[in-house]
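Just so it is clear: chains get the letters A, B, ... in the order the sequence lines come, proteins before strands, and each one is counted from 1.
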2 protein chains.
Amino acid sequence: MTDGRFYPEMATSGNRGDVGVTVGLNAIVVAVTGDVPRILTVRRPLEIADHPLDSNEAETAPEHSGDGALGGREGVPFGPLDPVADRTLELGLRRWLAEQTGIEVGYLEQLYTFGDRGRVAPVGNRFLSVAYLALTREVEVSGSGAPIWAPWYSYLPWEDWRDGPPAILGKHIFPALQDWIASASTDRSWAQRHERAQIAFGLGGTPWNRNRVLDRYELLFEIGLVAEAVPGTDSASTHGVEIGRPMALDHRRIVATALERLRGKLSYRPVAFELLPGTFTLLRLQQVVEALSGERLHKQNFRRLVEQNRLVERTGDIEVRTGGRPAELFRFRREVLRERPAIGVVIQRGRLATETHNG
Amino acid sequence: MTDGRFYPEMATSGNRGDVGVTVGLNAIVVAVTGDVPRILTVRRPLEIADHPLDSNEAETAPEHSGDGALGGREGVPFGPLDPVADRTLELGLRRWLAEQTGIEVGYLEQLYTFGDRGRVAPVGNRFLSVAYLALTREVEVSGSGAPIWAPWYSYLPWEDWRDGPPAILGKHIFPALQDWIASASTDRSWAQRHERAQIAFGLGGTPWNRNRVLDRYELLFEIGLVAEAVPGTDSASTHGVEIGRPMALDHRRIVATALERLRGKLSYRPVAFELLPGTFTLLRLQQVVEALSGERLHKQNFRRLVEQNRLVERTGDIEVRTGGRPAELFRFRREVLRERPAIGVVIQRGRLATETHNG
DNA sequence: AGCGTTATGCTCATTGTGAGCATAGTATTC
DNA sequence: GAATACTATGCTCACAATGAGCATAACGCT
């Protein structure tokens, strides 16, 4: 007892009895192809996905095979933590991600730990997911194979404002929000709902805040416009309408968390470069940033921001296949991490996005 | 199998055998008294701290009592997750925090999940800590009682620049860094070490970045200037010098993570108000911000920032006991959360801090 | 009354941001 | 082969935000 070690039988006295906690590692793997942001999804846990399964095999699965785990819906890939072999959580994640997908992950960052009840196993264990955000280079979608690169915004269609406000907002979301606010039972409740909707969705003069992804998701979940497959959570019953592609369990919540984090990072860390090949045109860079932030940027100002902050340097090479005047190829200047430790590619305050009226 | 539930026997196949994972919830509870930022610390796990224990009882503890858990050093309080009763992790944390300290926590945010090996129990279980950051109102330190409000910077003294660069930097840290860089075996390694030190500690023209707390901590840990009590981690052996007050296990790392997160939040979220009473003078607000950011701010510009962004509103009341001209009392305008959803009390780029030469 | 101390108002130079005009090179079309 | 479409790139200008500091106000104390 003199070694200063940690004795968990005290630390987890709440874990008495036969109910334990089980831990898995989830990865939101992000890539951008062209102007489409994508995340890696699977239809059942990766470790048993030993062959391509674009086909839906849910019906044929025997009672205890793995397919029911995701209920036939896609989810984000996860892998187990090996408490013995994995020295750190991050190494554990890299291990199974490499083993099971072969994907080369550059940037990797812990996102959040999800542990609400409802994530419960039949054996009664509590289930905990430590989710990581992983960024990988621009990839061409491989048509086959078990994991599927799914367009990120297919799950959160209200988040993509690149072509103006998504139609779904006016058509379904705003009316549902109005109903929800109007149906408040007390004045106090009305005011709270009103303010919450205003903040999350930018109603009545409040500007739309691209970063408030999780607020929006959770509000939509509460009013029953998006569903989760987690039993025991108390969402309103479905509203008749279902918005966006559903995912297994609470995975869409995890995906929303990842988008919020990544959008936040954009403004103070040069994360976009993790998603691009070694050299790229400024348009490609801008497309990646727009894809993630969900907003259009003013082209000349974007260029000015990137060049004046010396985030990139010329390579001397030229990209010819632009459809117009050839563009110079740039590479990321890693030195900026030292020179200006907090620098990003979108600005933080005010209206950052503008339609270009340059044509 | 038709309910879409999650079946952890697949999800955690890595957990086979008799090695399991044990989960605890840690809380970094922050308060500011005057200009001293403090965190709540304990000398042994809170659930067995049923009476004041400022005295060190390590020697008298029987073999399986709890005292050895923190090895006689202070740590941050933690409590168990009750997998059955606690619907969410956050509620679980609020439960034991209320039960065991009675502290009224306003702001609560998940910080990070720590799960490196080394956090291992004698029974062989892997230990996972989900850490939360909690902010509470300005408190006067109660001299006695089990939990102790310890000055935050006593653990991380190199982070407090309010009175200029801390002496410890020039005296111990910079020389140690130089040694460490010089002792690199290859050119590549030298360059890497050099760049890392430069980024973390702002050497040679690179500005000191107040937010890079974790980088600095981890570098100091690697070169052996700060110690952790976690077995199996490979820090350099102690350098002869020990900087800052040590903590149990890897708790100082958790504390550094919390400081980094909080400093980051300062610039885009009005978190400082969570640490203040309902009404306050602008000086009090500034002191809190300075205490957390570790830097002095220009008084008139700080006032301008706060007032022009309409973060506060006048109460009409006056605080007389200022030592000079009486100051107006303000209150936080909660509406700003709706009007300007991303707003903070320190700016992000450039040199934000300046000594006022106003006298 | 004079001094120390903190509060508060205001100015001014500089930099950062939003918006758009103008021109340069490609490929494609008539 | 000129017109057209399209993307790249250079540049300007108004306005907002920031860094720094001067000046004055209002208290307690000697």
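- In this structure, A/Q308 places its CD atom 12 Å from P of D/dC11, rounding to the nearest Å.
- The aromatic rings of A/F174 and A/F201 stand perpendicular to each other, their planes meeting at an angle above 60°, with 30° marking the opposite boundary.
- Here the CD-CZ distance, from A/E313 to A/R334, works out to 11.0 Å after rounding to the nearest 0.5 Å.
- Note: CZ (B/R304) to C1' (C/dA13) measures 12 Å, nearest angstrom.
- The side chain of A/E328 approaches D/dT9 more closely than any other nucleotide in the set C/dA7, D/dT9, C/dG9.
- Between B/R325 and D/dA25, a side-chain N or O to OP1/OP2 separation shorter than 4.0 Å is absent.
- Atom-to-atom, NE2 of B/H298 to C1' of C/dG9 comes out at 13 Å; the value is rounded to the nearest Å.
- Each of B/R303 and A/V320 lies near DNA chain C, and the nucleotide nearest B/R303 is the one positioned closer to the 5' end.
- Counting only heavy atoms from C-beta on, A/P326 has its side chain closest to C/dT26 among C/dT26, D/dT7, C/dA7.
- Atom CG in B/L297 sits about 13 Å away from atom P in D/dT18, given to the nearest Å.
- Contact annotation: B/K299 side-chain N/O to C/dT8 OP1/OP2 distance is not under 4.0 Å.
- The distance between atom CD1 of A/I318 and atom P of D/dA8, rounded to the nearest whole Å, is 12 Å.
- Each of A/E260, A/E274, A/E109 was scored for a salt bridge (charged side-chain N to carboxylate O under 4.0 Å, His left out) with A/K265, with one residue passing: A/E109.
- Proximity of the aromatic rings of B/F273 and B/F280 is defined here by a centroid distance below 6.0 angstrom, and this criterion is met.
- Using a 4.0 Å heavy-atom criterion, one finds that A/L283 contacts the sugar-phosphate atoms exclusively.
- Under 3.5 Å, the side chains of B/R303 and B/Q300 contain no donor-acceptor pair of N or O atoms.
- The interatomic distance linking A/Q300 (CD) with D/dA8 (P) rounds to 11 Å, in whole Å.
- Between the P atom of D/dT7 and the CZ atom of A/R284 lies a distance of 14 Å, rounded to the nearest Å.
- Closest approach to the B/N301 side chain among D/dC13, D/dA8, D/dG21 is made by D/dG21 (side chain taken as heavy atoms from C-beta onward).
- One can place CZ of B/F302 at 15 Å from C1' of C/dT8, the figure rounded to the nearest angstrom.
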